[in-house]
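Just so we're on the same page: letters track the sequence lines, and every chain starts at 1. Just the heavy atoms: all of them, side chains too, but no hydrogens, waters or symmetry mates, feed the values below.
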Number of protein chains: 2
Amino acid sequence: MPSLHRAPTKGSLETKERIFDAAEALFMDQGFSTTSLRAITAKAKVNLAAVNYHFGSKEALIREVFDRSLGPLNGARMAQLDRLEAAAGGNPVAIDKIVEALVSPALHVSHDPLKRGAAFLRLLGRALSEPAEYMRAFLPAHYRDVVVRFRRALSLALPNLSEAELTWRMHFTFGAMAYSMAGTDAVELFTTPDDAGVDDAEAIVQRLIPFLVAGLKSPTPKSRATRSVEPSARKVA
Amino acid sequence: MPSLHRAPTKGSLETKERIFDAAEALFMDQGFSTTSLRAITAKAKVNLAAVNYHFGSKEALIREVFDRSLGPLNGARMAQLDRLEAAAGGNPVAIDKIVEALVSPALHVSHDPLKRGAAFLRLLGRALSEPAEYMRAFLPAHYRDVVVRFRRALSLALPNLSEAELTWRMHFTFGAMAYSMAGTDAVELFTTPDDAGVDDAEAIVQRLIPFLVAGLKSPTPKSRATRSVEPSARKVA
DNA sequence: GTCTATACCACGATAGAC
DNA sequence: GTCTATCGTGGTATAGAC
């Protein structure tokens with residue numbers, strides 16, 4: 001890979017873009033594993049082998065499509081947290097503001113005037129429903145910075161929480177958030193909230209935030225956490 | 001389909017059982033979509049076509065394996081709720097008890113003395129990570145009764161909540177729970193709670209319950225829910 | 001009814017010609 | 001850069017042996 005920046009002799013970028021756009025559209029419609037390279041190349045009107053030439057593999061294509069969607073979202077989350085912390089000037093930021101910074105960018109991006117990105121959250125929802133190993137590999141990489149930043153902010157706002165407790169509560173928080181994002185559109189696994197109010201993103205956010213805030217602020221029950229670290233403890237899910 | 005109960009002439013059930021057991025083991029190890037029918041039939045030492053003969057399709061096989069795991073779990077949940085309601089004798093059951101009835105059976109089943117079932121929660125975690133349409137089709141069917149029963153109990157325990165609010169909070173609850181189950185073993189998507197305490201199921205349950213209870217009990221923010229039901233609202237995740 | 005052998009088509013990937 | 005041809009593997013369908 002000699003020239004990474006801008007090397008194409010002819011309409012190569014055009015080809016790559018066409019693949020990219022076709023893939024993004026099909027992924028949103030059908031999910032990642034369901035969408036075949038043959039379907040993508042047919043829609044993009046390029047040769048089948050062009051995908052592997054330009055992207056290396058289907059996995060890499062998925063990764064790039066996903067990156068372009070997820071990057072701005074997490075960027076917005078951290079930017080919003082930056083603003084909050086700047087305004088607080090050293091003091092801890094209020095928990096509900098932190099949670100809002102984590103949750104609400106998903107809403108705003110969905111209203112992005114640039115038409116693409118309007119439904120890219122579907123991609124994230126899809127990704128959470130994918131079985132492939134590589135999803136579990138690069139999703140954490142993308143979220144690492146977000147997790148670190150929000151963890152620090154929450155740690156300041158919730159000084160009574162142990163590190164372990166905070167980690168678990170963030171785990172639950174991300175779980176509920178992820179499920180809400182995926183569930184509204186793709187996977188309504190258990191409950192079907194269709195009958196309850198609009199699937200308006202803002203409505204979800206406004207309901208999700210207090211739920212998560214209350215969970216994060218909940219009192220530590222008993223410190224029975226030290227009860228056992230014995231390795232005989234079953235590893236369970 | 002004439003005789004559904006018990007029809008086989010010879011060792012057919014044995015073959016079916018062998019396929020079933022091999023499939024269950026491989027699914028737990030590798031997930032559903034990664035496990036090929038050829039791998040299953042090789043392990044079970046049966047012919048490839050036997051799967052389609054006995055189960056109809058890979059999807060149906062997955063479904064049956066999954067059913068046998070999930071049935072007892074949800075049965076335990078509802079049995080525990082039954083006991084609570086009987087003890088309460090008409091009065092609302094305490095929220096933390098309801099949540100415990102929902103969450104903790106996952107722990108106890110994992111300690112099932114009968115060795116199979118010890119790690120079947122991995123199957124559930126796997127299922128939640130599957131992209132296939134049929135997962136979204138029969139998972140709600142299995143959870144329908146659980147959702148209805150727990151919804152009724154929670155509705156009594158939280159009389160101030162509107163139906164819509166309750167639905168959303170249950171949605172968040174199931175999300176956090178599902179993610180916790182899947183995340184501990186299979187998909188640590190965002191956070192990696194390895195560094196924080198044991199992956200002991202009881203530890204998770206004891207931390208998850210107060211988190212969810214607090215979220216469920218959280219005060220309704222503003223009744224801005226009526227703000228808009230206009231169809232122009234973006235359907236977003 | 002049960003099981004086997006085998007063929008079929010779609011998939012992702014890649015080598016090599018242009 | 002692009003294309004054709006082809007490989008290995010996947011789920012599935014069926015004809016026919018027992």
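- To the nearest angstrom, C1' of dT2(C) lies 13 Å from CD of Glu14(B).
- Going from atom OG1 of Thr173(A) over to atom CG of Leu154(A) covers 7.5 Å, rounded to the nearest 0.5 Å.
- What separates CG of Asn47(B) from C1' of dC3(C) is a distance of 7 Å, to the nearest Å.
- Residue order along DNA chain C, read from the 5' end via each residue's closest nucleotide, puts Ala39(A) first among Ala39(A) and Tyr53(A).
- Atoms CG (Leu37(B)) and P (dG8(D)) sit 21 Å apart, rounded to a whole Å.
- Among the atoms of the strands shown, none is found under 4.0 Å from any heavy atom of Thr41(B).
- Residues Leu48(A) and Thr35(B) each lie close to DNA chain D; by heavy-atom proximity, the contact nearer the 5' end of the strand is made by Leu48(A).
- Ring geometry for Tyr143(A) against Phe174(A) counts as perpendicular: the plane angle is over 60°, on a 0 to 90° scale with 30° as the lower cut.
- In this model, the phosphate group of dC3(C) is approached by a side-chain N or O of His54(B) to a distance below 4.0 Å at OP1 or OP2.
- Lys16(A) places its NZ atom 13 Å from the C1' atom of dG1(D), with the value rounded to the nearest Å.
- Between atom CD of residue Glu24(A) and atom CD of residue Glu64(A) there is a gap of 12.0 Å, rounded to the nearest 0.5 Å.
- Atom CD1 in Ile40(B) sits roughly 12 Å away from atom C1' in dG10(D) (whole-Å rounding).
- Salt-bridge annotation for Arg63(A) and Glu59(A): absent, with no side-chain N of the basic residue lying under 4.0 Å from a carboxylate O of the acidic one.
- Closest to the Ser57(B) side chain, of the nucleotides dA13(C), dT12(D), dC3(D), is dT12(D).
- Nucleic acid contact for Ala50(A): none, since no nucleic acid atom lies under 4.0 Å from a heavy atom of the residue.
- The phosphate of dG1(D) (OP1 or OP2) has no side-chain N or O of Thr15(A) nearer than 4.0 angstrom.
- Summarising the geometry, the separation between CZ on Phe32(B) and C1' on dG10(D) is reported as 18 Å, rounded to the nearest angstrom.
- Between dA10(C) and Ser36(A), no contact under 4.0 Å exists linking OP1 or OP2 to a side-chain N or O.
- An OP1 or OP2 oxygen of dT14(C) is reached within less than 4.0 angstrom by a side-chain nitrogen or oxygen of Asn52(A).
- The residues Asp21(A) and Arg68(A) are annotated as salt-bridged, a charged nitrogen and a carboxylate oxygen being separated by less than 4.0 angstrom.
- Spacing between atom CG of Leu26(B) and atom P of dG11(D) amounts to 12 Å, rounded to whole angstrom units.
- The CZ atom of Arg38(B) sits 12 Å away from the C1' atom of dA5(C) (whole-angstrom rounding).
- Of the candidate nucleotides dG11(D), dC3(D), dA13(C), dA13(C) has the atom lying nearest to any side-chain atom of Lys58(A).
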